[in-house]
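Bear in mind that the values here come from a model prediction, so they are computed numbers and not experimental data. The analysis underlying the following values was restricted to heavy atoms, covering all of them including side chains, and did not include hydrogens, waters or symmetry mates. Chain letters run A, B, ... following the sequence lines, proteins first and then strands; every chain starts at 1.
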Amino acid sequence: MDYNFTAIEQRWQQQWKADCLYKVSNKSDKPKYYVLDMFPYPSGAGLHVGHPLGYIASDIYSRYKRLQGFNVLHPMGFDAYGLPAEQYAIQTGQHPEVTTNKNIARYKEQLGKIGFCYDWDREVRTCSPDYYKWTQWTFRRMFLSYYDNKLQKAQPIDNLVRHFEAEGSANLDVAQSEELGFTAADWQAMGDKERQQVLMNYRLAYLAYTKVNWCPALGTVLANDEVSEGLSVRGGHPVEQRVMRQWSLRVSAYAQRLLDGLETIDWTESLKDTQRNWIGRSEGAEMLFPVKANETVVEGMNLKIFTTRADTVFGVTFMVLAPESEYVKQVVTSEHAAEVEEYLAWVRRRTERERISDRKVTGVFTGSYAVNPLSKAEIPIYISDYVLAGYGTGAIMAVPAHDSRDYAFARHFSLPVIPLIEGADVSEQSFDAKEGVMMNSGFLNGMQVKEAIAAMKRYIEEQGIGRVRVNYRLRDAIFSRQRYWGEPFPVYYKDDMPYMIPEQCLPLCLPEVDKFLPTETGEPPLGNAQLWAWNEAEKKVVDKSMIDNQTVFPLELCTMPGFAGSSAYYLRYMDPHNDEALVSGEANAYWQQVDLYLGGSEHATGHLIYSRFWNKFLFDLGLVCKDEPFAKLINQGMIQGRSNFVYRVIGTNKYVSLGLKDQYEVQPIHVDVNIVQNDVLDTDKFRCWMPEYNDAEFILEDGKYICGWAIEKMSKSMFNVVNPDDMVERYGADTLRLYEMFLGPLEMSKPWDTNGIDGVHRFLRKLWNMYETVTDDAPTAAELKSLHKLIKKVTWDIENFSFNTSIPAFMIAQSELQQCRKRAVLEPLSVLIAPFAPHLAEEMWHRCGNHTSVCDASWPVLEERYLVEDTVKYPVQFNGKVRFTIELAKDMPREEVERVVLASDDTARYLAGNQPKKVIVVPGRIVNIVC
RNA sequence: GCCGCGAUGGUGGAAUCGGUAGACACGAAGGACUUAAAAUCCUUUGGCCCGAAACGGCUGUGUGGGUUCAAGUCCCACUCGCGGUACCA
């Protein structure tokens with residue numbers, strides 16, 4: 001009987017669908033378990049063989065958990081908004097919705113063939129109005145909230161208004177863009193617009209002029225995590241800095257909670273570290289440096305700086321301001337104004353990329369001086385682009401002896417360097433380490449650096465010249481995108497101030513446009529929409545020709561970024577059809593949070609920060625019961641491509657095999673991996689592959705053409721893309737699933753190499769053949785041992801996500817049980833393999849005489865008694881005396897015992913000399929040695 | 001620069017708690033079946049040495065040290081590769 005995988009797989013996929021086998025209920029007596037994959041962006045290229053890796057792993061785990069008796073939620077959906085669909089629309093005029101839907105259909109078809117146990121009734125799409133209604137809803141709530149630092153919680157903005165009415169900005173400990181000072185009377189005197197401007201300083205979703213990463217090629221701003229080395233992550237286009245009026249989310253308010261939360265979740269240390277670095281907490285002090293003008297100290301004018309090295313104040317020999325700093329205007333003297341302006345213009349001209357690649361020391365003197373509050377020395381104030389406006393206060397105290405950047409600057413401008421640590425040689429470079437004994441530092445002399453930092457912090461607080469402070473590197477997330485294909489903001493503008501569309505009017509649907517490019521006047525694409533104005537009185541969208549700024553107002557033209565839709569999708573799966581709430585209290589109380597989340601580590605500083613932030617906000621609202629969204633997270637590695645090469649002899653149409661290429665002058669050329677098997681080129685197919693190769697000639701070795709190979713990214717241009725559909729067609733879904741797991745550890749990146757898939761396929765065929773006849777005979781001890789060994793191994797492996805080592809265990813069991821046709825063995829075996837090869841398992845399970853689905857079976861119970869070794873105890877002599885007893889597997893001949901134990905003289909001596917110790921020497925053969 | 005991860009045969013990888021390194025699979029070589037091929041099955045397969053053979057010996061997990069009766073595994077120093085981050089004061 002042949003293993004007809006195509007027939008088997010089609011049959012069971014249809015059966016599962018007909019039985020609604022994977023439909024999940026929110027009501028169950030079973031314990032719940034929530035397994036989630038990072039949902040894909042449906043690109044036009046379809047899935048390649050690397051995409052399903054994580055999905056297969058999560059599917060195995062889901063099926064295992066179900067067999068263990070859990071009610072398992074394992075959904076799938078699509079992150080459907082994004083740049084590629086829009087870029088394609090700009091080029092072809094096709095509506096992004098059309099191409100997106102087409103791509104989703106293709107993805108679902110491909111995923112369907114692999115046999116995942118998704119409950120498709122719970123599918124979500126971020127671009128569907130009944131989904132993005134809740135994205136808009138949450139944004140609206142963020143606008144209506146501020147963050148209370150004392151309560152460590154988001155609060156309704158109305159509370160803040162009451163505070164202002166009562167005492168103005170006094171006694172306020174809240175997250176804010178800048179510190180404002182006003183009284184209750186001031187507040188009362190403000191008009192509506194002015195009050196709105198004040199509130200904007202505190203809202204969790206706020207509109208402000210911010211320095212943004214502007215990408216001219218994409219025509220939009222990008223978040224920090226969407227930019228790498230001055231280029232956009234998508235497309236690799238140059239990015240420049242610009243100040244624009246943008247929506248932002250006050251993620252920074254949650255910095256400490258995002259940091260603390262990491263301690264409570266089961267993620268890999270490396271991922272947590274990446275997030276810790278990104279949040280970048282640093283403890284230090286803020287200090288005030290008085291400014292001098294015309295040789296006298298200006299009353300009330302101070303430069304506020306942030307430092308983590310308060311101990312080094314005595315070594316401050318100059319100050320540096322960021323070019324964009326507010327202080328610049330205040331301190332530049334008229335004699336230096338021209339020079340400074342020239343420098344600032346030069347800085348503005350430089351692109352982010354130039355700044356990164358060309359890191360020479362630049363700067364300009366402002367003409368003003370500050371006073372070192374401790375040494376009382378007069379120190380010059382400079383401007384330089386090595387100081388960043390966005391971090392700390394945008395101004396620093398420079399300590400050239402103990403900071404390498406300040407050192408480089410001091411050397412360039414011939415500024416004094418005062419060493420502060422005994423024994424530190426600063427003649428060639430700075431001494432940056434936080435260790436050693438202080439000198440030249442007044443009352444700090446003789447202290448260790450760490451003591452000195454603490455002492456100085458105490459001193460500056462006592463003297464009122466500064467305060468202890470914690471800074472975070474984490475910035476607020478820029479939330480506006482000048483694009484069409486994204487969630488519209490539920491926002492309209494009245495007198496240039498934003499207002500939210502009422503909750504009951506959501507969703508605010510994305511309007512039709514006739515062009516996807518920005519308007520001629522540079523407005524985002526939504527500026528092309530006719531039906532895009534808000535009638536405040538009638539609470540509905542109307543034609544924009546009706547805008548009168550009395551009752552009809554313009555709507556926001558930007559859309560939300562990609563991470564908006566992906567920040568809470570895991571909640572929506574719990575209750576996907578609810579139109580009253582993002583998720584009902586009951587559904588959330590049942591499913592709680594994601595128990596296991598699988599996805600790539602490339603989302604460490606993007607999606608995985610944003611969705612933690614988003615979830616914490618919803619937690620503060622009381623909408624969700626868990627502070628963290630993902631209890632456990634596993635990063636699957638990337639699957640790289642394995643490219644093949646042929647070697648063309650330069651100037652000819654001759655191709656030389658790998659082993660002989662050194663004898664010619666050759667040029668390597670990528671060749672489609674689908675016409676190469678085990679690195680042997682199919683020369684006929686090669687000739688047909690492209691017209692230019694029709695009359696190719698080959699220089700063979702041993703009658704074969706051997707190709708070279710390299711590991712590269714899987715991409716069309718490298719001709720190394722392997723399509724899962726082809727694999728399913730040739731080998732079946734079960735083989736593909738097993739082989740993807742067999743390839744190596746889940747978390748490691750590895751190249752896809754189709755060589756080797758035959759071995760896995762052969763194993764499944766052999767396994768299948770064991771089920772041709774099934775008898776009711778009683779199994780032997782050896783058969784039960786093989787079975788239970790396998791139960792133990794596979795259970796351990798799945799729980800530890802070590803799927804790659806399970807497959808060899810199955811292969812060994814299969815060869816040990818080759819002759820076994822007994823139901824008592826074959827039936828549990830079919831359950832064990834069900835998570836890995838669900839279609840074949842169903843077939844095996846039914847061959848054992850069952851009429852239900854194997855998915856509703858129970859995971860086999862391990863019985864240790866079948867594993868107990870058959871052992872014999874031997875006395876072992878050493879130096880003529882019986883020194884210890886050794887317990888050995890029965891099948892080991894006695895004469896080998898002493899040889900094994902005494903193989904190492906030192907070990908034997910050790911065993912003889914150390915009395916009552918139990919040492920496991922060799923599991924399986926020598927069971928243990930008992931003294 | 002800083003943080004994290006990794007390095008084991010021709011290849012992918014195994015060794016889960018410090019206890020036979022190289023499981024399992026691929027590839028390769030040889031053999032069986034076959035008119036032949038495919039498929040299937042069997043044998044061998046880290047390197048080196050002794051030997052007719054059996055048996056055996058030495059060596060071996062990126063490099064150099066160390067701890068231990070025993071190290072791929074633990075410690076110290078280094079080399080290379082991958083990923084993240086980068087004037088964060």
Side-chain angles (χ1 to χ4, degrees), chain A residues 2 224-225 228-229 268-278 280-282 284-285 305-309 312 320 322 355-356 359 361 384-388 390-399 402-406 408-409 432 471-475 601-602 604-605 635 637-638 640 642 678-680 709 711 738-739 742-745 747-763 765-766 793 796-797 799-800 802 804-812 815 900 903-914 917 919-926 928-929:
Chain A
D2 269 355
N224 284 335
D225 68 284
S228 177
E229 299 190 359
T268 60
E269 268 318 300
S270 71
L271 187 59
K272 288 192 197 177
D273 267 337
T274 304
Q275 290 213 342
R276 283 188 198 111
N277 291 340
W278 190 258
R281 181 191 156 101
S282 73
I305 59 92
F306 175 78
T307 182
T308 54
R309 292 296 302 273
T312 59
V320 188
R355 239 172 62 79
I356 289 163
R359 202 169 279 182
V361 178
S384 174
D385 69 347
Y386 83 89
V387 175
L388 304 176
Y391 183 76
T393 62
I396 62 153
M397 61 177 212
V399 187
H402 302 290
D403 183 288
S404 52
R405 298 154 300 178
D406 298 344
F409 195 86
D432 292 14
N471 242 316
Y472 299 91
R473 223 181 61 169
L474 184 68
R475 316 276 177 89
S601 56
E602 68 273 18
T605 54
N635 292 125
M638 274 224 289
Q640 299 137 305
R642 187 177 187 277
N678 290 330
D679 293 336
V680 179
W709 58 272
I711 305 304
L738 251 70
Y739 186 60
F742 183 64
L743 223 44
E747 279 127 309
M748 223 193 264
S749 282
K750 58 229 162 211
W752 175 266
D753 183 354
T754 306
N755 301 338
I757 197 169
D758 292 304
V760 172
H761 187 70
R762 269 196 283 271
F763 154 70
R765 193 163 52 214
K766 282 188 262 181
K793 171 81 177 139
W796 192 94
D797 281 346
E799 283 184 351
N800 293 280
S802 177
N804 56 320
T805 56
S806 281
I807 288 137
F810 277 117
M811 290 175 175
I812 292 166
S815 78
V900 170
S904 161
D905 285 354
D906 289 337
T907 297
R909 208 170 293 124
Y910 168 79
L911 290 171
N914 289 271
K917 248 194 180 174
V919 184
I920 302 200
V921 176
V922 188
R925 289 180 66 190
I926 299 176
N928 65 57
I929 298 173

Across all strands, who's sitting opposite B:A36 as a Watson-Crick or G-U wobble pair, both distances under 3.5 Å?
none
When you measure from the side chain of A:Ser282, which nucleotide among B:C41, B:U85, B:A89 comes out closest?
B:A89
To the nearest angstrom, the CD-C1' distance between A:Glu269 and B:G4 comes to 10 Å
Output, in order, the C-alpha distance, side-chain angles, deciding distance and verdict of side chain to side chain contact (heavy atoms under 4.5 Å, CB included) for A:Asn277 and A:Thr274.
CA-CA 5 Å; A:Asn277 291 340; A:Thr274 304; 5.8 Å; no
Rounded interatomic separation in angstrom, taking CG from A:Asn755 and C1' from B:A28
13 Å
Thinking salt bridges, do A:Arg642 and A:Asp679 make one under a 4.0 Å N-O criterion?
yes
Can you tell me, in whole Å, how much space there is between the C1' of B:C49 and that of B:U43?
24 Å
For residues A:Asn635 and A:Glu602, determine if any side-chain heavy atom of one lies less than 4.5 Å from a side-chain heavy atom of the other.
no
With P as the reference atom in both, quote the distance from B:C78 to B:C24 in angstrom, rounded to an integer.
40 Å
Just call it for A:Ser749: base, sugar-phosphate, or nothing, with non-hydrogen atoms closer than 4.0 Å on any strand.
nothing
Across every strand shown, the nucleotide meeting Watson-Crick or G-U wobble geometry with B:C5 (both distances under 3.5 Å) is B:G81
Integer angstrom distance from the C1' of B:G66 to that of B:G18:
15 Å
Side-chain donor or acceptor of A:Asn804 paired with backbone N/O of A:Phe742 under 3.5 Å
no
Under a 3.5 Å cut-off for both distances, is B:G18 Watson-Crick or wobble paired, and to whom?
none
A:Thr274 side-chain proximity, nearest of B:A86, B:G84, B:A89
B:G84
Please confirm whether the shortest side-chain N or O distance from A:Tyr386 to OP1 or OP2 of B:A89 is below 4.0 Å.
no
Is the closest side-chain donor-acceptor distance between A:Asp797 and A:Ser806 under 3.5 Å?
yes
Kindly point out which of B:A23, B:A89, B:G4 is positioned nearest to the side chain of A:Thr308?
B:A89
G-U wobble or Watson-Crick pairing nucleotide for B:C41 (cut-off 3.5 Å, both distances)
B:G31
Does B:G9 fall in syn (glycosidic angle within 90° of 0) or anti?
syn
Separation of atom CG in A:Asp797 from atom C1' in B:C24, rounded to whole Å:
12 Å
Counting side-chain heavy atoms from C-beta on, which of B:C26, B:G12, B:G13 comes nearest to A:Phe742?
B:G12
B:C41 to B:U34 separation - C1' atoms, rounded to the nearest Å:
13 Å
What is the glycosidic conformation of B:C69: syn, defined as within 90° of 0, or anti?
anti
Strictly below 4.0 Å: does A:Arg642 bring a side-chain N or O up to OP1 or OP2 of B:G12?
no
Nearest-Å distance once atom C1' is located in both B:A37 and B:G13:
33 Å
Determine the Euclidean distance between corresponding C1' atoms of B:U8 and B:A14; express it in Å to zero decimal places.
10 Å
A:Tyr739 and A:Trp752: aromatic ring centres closer than 6.0 Å?
yes
Strand partner of B:U73, provided both Watson-Crick or wobble distances fall under 3.5 Å
none
Using whole Å, report how far CZ of A:Arg762 lies from P of B:A25.
9 Å
Could you please name the option among B:C3, B:U40, B:A89 that lies closest to any side-chain atom of A:Asn277?
B:C3
Sticking with atom P, work out how far B:A21 lies from B:U73, rounded to a whole angstrom.
13 Å
Look at the side chain of A:Pro745 and decide which nucleotide, out of B:G84, B:G13, B:C24, has an atom nearest to it.
B:G13
Residue closer to the 5' end of RNA chain B, A:Met748 versus A:Gly280 (nearest nucleotide):
A:Met748
